[in-house]
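Structure first, commentary second.
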There are 2 protein chains.
Amino acid sequence: MAKKSPGSQKREDSLSRERIIDASIALLDEAGESGLTFRALSLKLATGPGAIYWHVANKSELLTAACDAIVARAMNAPLADATPEATLRAIALGMFDAIDAHPWVGSTLAHAPGQLPAVRILERIGQQLRHLGVPREFEWTTVSALLSYILGVGGQNAANAQFAQAEGLNRTDFLASVANTWSELDPAEYPFASSIAKQLPDHDDRADFLTGIDLILKGIGSR
Amino acid sequence: MAKKSPGSQKREDSLSRERIIDASIALLDEAGESGLTFRALSLKLATGPGAIYWHVANKSELLTAACDAIVARAMNAPLADATPEATLRAIALGMFDAIDAHPWVGSTLAHAPGQLPAVRILERIGQQLRHLGVPREFEWTTVSALLSYILGVGGQNAANAQFAQAEGLNRTDFLASVANTWSELDPAEYPFASSIAKQLPDHDDRADFLTGIDLILKGIGSR
DNA sequence: ACATGATTGGAACGCCGTTCCAATATTGTG
DNA sequence: CACAATATTGGAACGGCGTTCCAATCATGT
């Protein structure tokens, strides 16, 4: 019916891997991990589940692709020329902020070991470790420690966000409720946890994350 | 709920939270995370799904309880008297080995932030940090960094195991396939990843994990 | 104008977690 | 000991999920 711009006669509403991934990201951002279903996606794209499967193998691949889009954006951001340490901190913070903005990335990343998104982070960190002069024989353990820490924090942030959402709480109320549980633990059995509970609601995730990175960097420097 | 008293006339095959959790652990160990379903559980316990729900609120609680049983076992193991550093290493290795033996614990732990299983680990680590003389104002960031690292490594090990199982590979073949993918990346774009690929199949997860712990401990010591 | 292959979209399948409820087992009371 | 009250069981049923299948439609080369 409608004739398009000269050359292409493709329908304007045709599906494509890219449109599907964009819609998936939107769905995940709006409703969290459980918000991405093939039915909700079909609805948003005004099509059926079958059509989506022509462009995407399965849900796992779709999640990884959505995750990769976010990670690629974060890892391709230009960085000011600085010392390798400062650059490593910037890379780590970039991932922290990306996961903070899209909590589902944290848990998806944790479920796609060795896949493209994780490799992007590994690559970026590894290059800086070489600039830092880390000996070849320590490269793997070092990059692996940093990556594990970043993924660990990211996974926990994702879990916190999901847990809070499941209970209908915001971050502050959720932390307060956890702190309350901890403070009611038997001080004889849990002296540390019960005493640290009061610090829980006021702490700064981002600052703590960075302190952890610095701890590891300090450890690397003093080898 | 279940009452136990002398002369009790309870049927021998009665359900209990404990029996359900034990059966869940068995199922998870046999078939991985996806092996735990209320139907499989009913079959194993020779009952119906409804009966299980009388003892357990939902699947999430069941998973957390199963996870907690494993973590409690690992964290209550007696430790030789030793320096705080050595004890911290032993605690960390205890969790690593527990997750290695029950990969599903790694991913369950990552999804239950602030819950009992995580608190057990936090408590054990925190006590040693106090023995180590970490100042109060650094306690939270320090324990949090160690916990994040441990959960991060655990989560990745869990994901590796699950991924490998999904593709029907053992750990060695899975690592080899990942290494192969990495080595085929464009060396111009991924110089680090493509060059480190060959070290992937031969590395020792457990030793690398411990090196990461030492890196953090060294960072703590040199504050 | 038509044949061919790419692409669509909706129906259907077999799972899942969860709920519901009638049936049964156990306990407390006269 | 009888019998009401309560605790516990187990299976049917519900809605939603990922995935598969396939007839219908679209785009393209001849």
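In the text below, chain A, chain B and the rest are named by the order of the sequence lines, each starting its count at 1.
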**Q.** Enclosure of E30(B) CD (heavy-atom neighbours >12, cutoff 6.0 Å)
**A.** yes
Q.
Checking the side chain of E123(A) only, and the main-chain atoms of F192(B) only, is there a donor and an acceptor separated by less than 3.5 Å?
A. yes
**Q.** Nucleotide nearest T37(A) when distance is taken to its side chain, options dC17(D), dT9(D), dT19(C)
**A.** dC17(D)
Q. Start at the 5' end of DNA chain D and walk down; is the nucleotide closest to S34(A) or to A57(A) reached first?
A. S34(A)
Q) Among dT19(C), dG17(C), dT9(D), which is the nearest nucleotide to the side chain of P49(B)? A) dT19(C)
Q. Checking all strands, does L43(B) fall into the base, sugar-phosphate, or nothing category for heavy-atom contacts under 4.0 angstrom?
A. nothing
(Q) Please find the pair of heavy atoms, one from R124(B) and one from A77(B), that lie closest to each other, and give the distance. (A) NH2-O, 3.5 Å
Q: Starting from C1' on dT8(C), measure out to CG on L45(A) and report it in whole angstrom.
A: 12 Å
Q: Name the closest nucleotide to the R39(A) side chain, picking from dT9(D), dT8(C), dC17(D).
A: dC17(D)
Q. Can you tell me if the side-chain N/O atoms of T47(A) get under 4.0 Å from OP1 or OP2 in dG9(C)?
A. yes
Q.
I want to verify a distance call: between dT9(D), dT8(C), dT20(D), whose nearest atom is closest to the Y53(A) side chain?
A. dT20(D)
Q) Between atom CZ in F38(A) and atom P in dA11(C), what is the gap in whole Å? A) 18 Å
Q.
For a quick check of understanding: with a heavy-atom distance under 4.0 Å over all strands, which category does L62(B) fall into, base, sugar-phosphate or nothing?
A. nothing
(Q) Return the CD1 to CG distance between I52(A) and L45(A), rounded to the nearest 0.5 Å. (A) 5.5 Å
Q | Closest to side chain of K59(A), choosing from dA12(D), dT9(D), dG18(D) | A | dG18(D)
Q) Which nucleotide sits closest to the side chain of H55(A): dT20(D), dT8(C), dT9(D)? A) dT8(C)
Q: Return the value, rounded to whole Å, for the distance between atom CH2 of W54(A) and atom P of dA6(C).
A: 7 Å
